[in-house]
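Structure first, then comments.
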Amino acid sequence: MNVFEILGPVMVGPSSSHTAGAVRIGLMTRKLLAQRPVEAVIGMYGSFAATGRGHGTDRALVAGLLGMWKNT
């Protein structure tokens with residue numbers, strides 16, 4: 001076990017804070033909707049807006065909205 005496994009999920013991508021957090025935001029949104037969304041307009045603010053696309057935040061948000069999550 002290493003320090004990254006203790007601190008949080010091991011994620012593929014340049015920044016786990018911008019991927020794991022974004023997936024969780026998408027999943028929470030899906031849970032609040034109580035169904036799979038048909039269409040989404042996604043706005044990003046702060047660090048998500050500044051580096052989101054390069055860090056994979058856009059894809060992570062969509063993955064969460066689609067219900068994609070793997071517990072490790």
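Just so you know, residue 1 is the first one in the sequence shown, and it goes up from there. Values reported hereafter were calculated over all heavy atoms of this structure, with side chains retained and with hydrogens, waters and symmetry mates removed.
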Kindly compute the distance separating [atom1] ([X]) from [atom2] ([Y]), expressed to the nearest 0.5 Å.
X   : Y   : atom1 : atom2 : result
T19 : D58 : OG1   : CG    : 11.5 Å
R30 : M68 : CZ    : CE    : 9.5 Å
F48 : I25 : CZ    : CD1   : 4.0 Å
L61 : T29 : CG    : OG1   : 8.0 Å

Please report, to 0.1 Å, the donor-acceptor pairs under 3.5 Å made by any side chain of residues 33-40, with sequence neighbours excluded.
none

Completion exercise
Members sharing M28's hydrophobic cluster, built from side-chain contacts under 4.5 Å between Ile, Leu, Val, Met, Phe, Trp and Tyr, are L32
Exercise for the section: List the atom of M44, the atom of T57, and the distance in Å for their closest heavy-atom pair. Expected result: SD-CG2, 3.8 Å
Exercise for the section: Check step by step if side-chain contact (heavy atoms from CB on, under 4.5 Å) holds for I42 and V62. Expected result: CA-CA 9 Å; I42 300 170; V62 171; 4.2 Å; yes
